[in-house]
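Here the structure is laid out as structure tokens; the discussion comes afterwards.
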Amino acid sequence: MILRGLFVPFLLRNIMVGIITKEKVETEVLEFISNTEMFLVDITLSASNNLQIFIDSPIGVTIEQCVQLSRHIESKFDREEEDYELTVASAGISEPFKVYKQYLKNVGRTVTVTTSESKSFTGILAQVNEQEIQLQYQELVKQGPKGKKKKVDCEISIPFSNIKKTLLVISLK
């Protein structure tokens, strides 16, 4: 009985040492990207310890930068102890924006913004500040007695608190 009572806490303590957390990973990523233009977009960690790190920068991210970050993370966590699978990638262009710096990076580009009221606007991301974005777009408006539609230039301010999703519009022209 006494042996088992001592043994269980010992096992729990050893198991707890080998737990990888998003917080630990975030600390290491932020250490690696400090003094660079890179920024952290997202970290996902599944129940099976599948760890995905997404980074970006104003000029994009190279494969070499992803490899360097991957090596940095691997040097900080022991795969034997932590038992994790690691993927480091640049933020996908087809993925919704997740952090403020993605908005800054894409000023002047075409985006589609869906608001929390499920209204959707596609236009040029004109300005960004810490509270809201300015979007320039065109809207079809009925004009004249016959109700003929005409494109009208519009601008809208959308607070970040009202943004449900923002996607970059990819044009292959």
Side-chain angles (χ1 to χ4, degrees), residues 20-46 50-73 76 86-173:
I20 193 167
T21 65
K22 282 177 73 169
E23 292 78 17
K24 288 180 186 178
V25 173
E26 182 176 1
T27 299
E28 296 304 329
V29 171
L30 293 176
E31 175 188 307
F32 178 82
I33 64 176
S34 67
N35 302 319
T36 73
E37 291 190 353
M38 288 186 283
F39 55 89
L40 177 61
V41 174
D42 197 15
I43 296 173
T44 61
L45 180 62
S46 71
N50 184 2
L51 175 60
Q52 296 179 315
I53 302 169
F54 299 96
I55 55 174
D56 206 347
S57 86
I59 58 172
V61 176
T62 66
I63 292 171
E64 183 59 32
Q65 289 169 315
C66 291
V67 169
Q68 289 171 355
L69 176 55
S70 178
R71 288 181 180 150
H72 175 79
I73 295 299
K76 301 296 181 176
L86 176 62
T87 303
V88 176
S90 61
I93 59 173
S94 63
E95 294 295 312
F97 293 4
K98 295 184 179 181
V99 296
Y100 175 71
K101 287 185 178 181
Q102 286 179 294
Y103 287 89
L104 289 175
K105 173 185 177 177
N106 289 290
V107 168
R109 299 180 79 184
T110 304
V111 296
T112 297
V113 178
T114 305
T115 66
S116 50
E117 295 91 23
S118 295
K119 290 183 182 179
S120 187
F121 300 92
T122 298
I124 303 296
L125 182 59
Q127 292 181 12
V128 177
N129 65 45
E130 292 190 15
Q131 287 79 40
E132 64 188 12
I133 65 169
Q134 297 283 332
L135 192 67
Q136 297 172 344
Y137 65 101
Q138 292 188 326
E139 191 173 292
L140 286 175
V141 177
K142 290 182 183 180
Q143 293 192 341
K146 295 184 180 180
K148 191 173 183 179
K149 292 185 178 182
K150 181 180 177 185
K151 286 185 180 179
V152 176
D153 290 334
C154 301
E155 189 167 308
I156 187 170
S157 296
I158 307 172
F160 281 108
S161 60
N162 196 27
I163 296 175
K164 184 176 181 180
K165 178 172 69 172
T166 301
L167 291 167
L168 182 64
V169 174
I170 302 163
S171 175
L172 301 176
K173 291 181 183 178

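Applying side chain to side chain contact (heavy atoms under 4.5 Å, CB included) to Leu51 and the options Thr44, Val88, Ile43 leaves one that passes, Ile43.
Between His72 and Lys76 the shortest side-chain heavy-atom distance falls below 4.5 Å. Two residues are said to be in side-chain contact when any heavy atoms from C-beta on lie closer than 4.5 Å; Thr62 and Val67 fail this criterion. Residues Val41 and Glu95 are not in side-chain contact: their nearest non-hydrogen atoms beyond the backbone lie 4.5 Å or more apart. Contact check for Leu45 versus Val25: no side-chain heavy atoms found under the 4.5 Å cut-off. Between Phe160 and Val128 the shortest side-chain heavy-atom distance falls below 4.5 Å.
The CG atom of Leu125 sits 8.5 Å away from atom OH of Tyr103, with the distance rounded to the nearest 0.5 Å. Within the model, atoms CD of Gln131 and OG of Ser157 stand 11.5 Å from one another, a figure rounded to the nearest 0.5 Å. Ile93 CD1 to Ile170 CD1: the interatomic distance, rounded to the nearest 0.5 Å, is 3.5 Å. Atom CD of residue Gln127 and atom CD of residue Gln136 lie 8.0 Å apart, to the nearest 0.5 angstrom. Note that the CG atom of Asn50 and the CG atom of Leu86 stand 9.0 Å from one another [nearest 0.5 Å]. Atom CD of Gln134 is separated from atom CG of Asn129 by 7.5 Å, given to the nearest 0.5 angstrom.
Applying the 6.0 Å contact sphere to CD1 of Ile63 captures no more than 12 heavy atoms from other residues, nucleotides or ligands. By the 6.0 Å contact criterion, CD on Glu64 is enclosed, its count of non-hydrogen atoms from other residues, nucleotides or ligands being greater than 12. Within 6.0 Å of atom CD1 in Ile59, 12 or fewer heavy atoms from other residues, nucleotides or ligands are found, so the atom counts as exposed in its surroundings.
With sequence neighbours left out, the salt bridge (Lys or Arg N to Asp or Glu O under 4.0 Å) criterion links Lys101 to no other residue.
When all heavy atoms are compared, the tightest approach of Ala91 to Asp56 is CB-OD2, 4.1 Å. Heavy atoms only, all atoms of each residue included: Glu132 and Pro159 are closest at CB-CA, 3.7 Å. Taking both residues in full, the closest heavy atoms of Ser118 and Lys164 are given as OG-NZ, 3.9 Å, listed atom of the first, atom of the second, then distance. The two residues Ser90 and Cys66 make their nearest non-hydrogen contact at N-SG, 3.9 Å. Taking all atoms of both residues into account, the shortest heavy-atom contact from Ile158 to Ile163 is CG2-CG1, 3.5 Å.
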Please tabulate, for the side chains in residues 29-36, all donor-acceptor contacts under 3.5 angstrom to protein atoms that are two or more places apart in sequence or on a different chain.
residue, atom, partner, partner atom, Å
Ser34, OG, Glu31, O, 2.9
Thr36, OG1, Ile33, O, 2.6
Thr36, OG1, Met38, N, 3.1

Atom pairs and distances, donor-acceptor, side-chain atoms in residues 106-116, under 3.5 Å, two or more places apart:
residue, atom, partner, partner atom, Å
Asn106, OD1, Arg109, NH1, 3.1
Asn106, ND2, Gln102, O, 2.8
Thr112, OG1, Thr122, OG1, 2.9
Thr115, OG1, Glu117, N, 3.4
Thr115, OG1, Glu117, OE1, 3.3
Thr115, OG1, Lys119, N, 3.2
Thr115, OG1, Lys119, O, 3.4
Ser116, OG, Asn162, OD1, 2.4

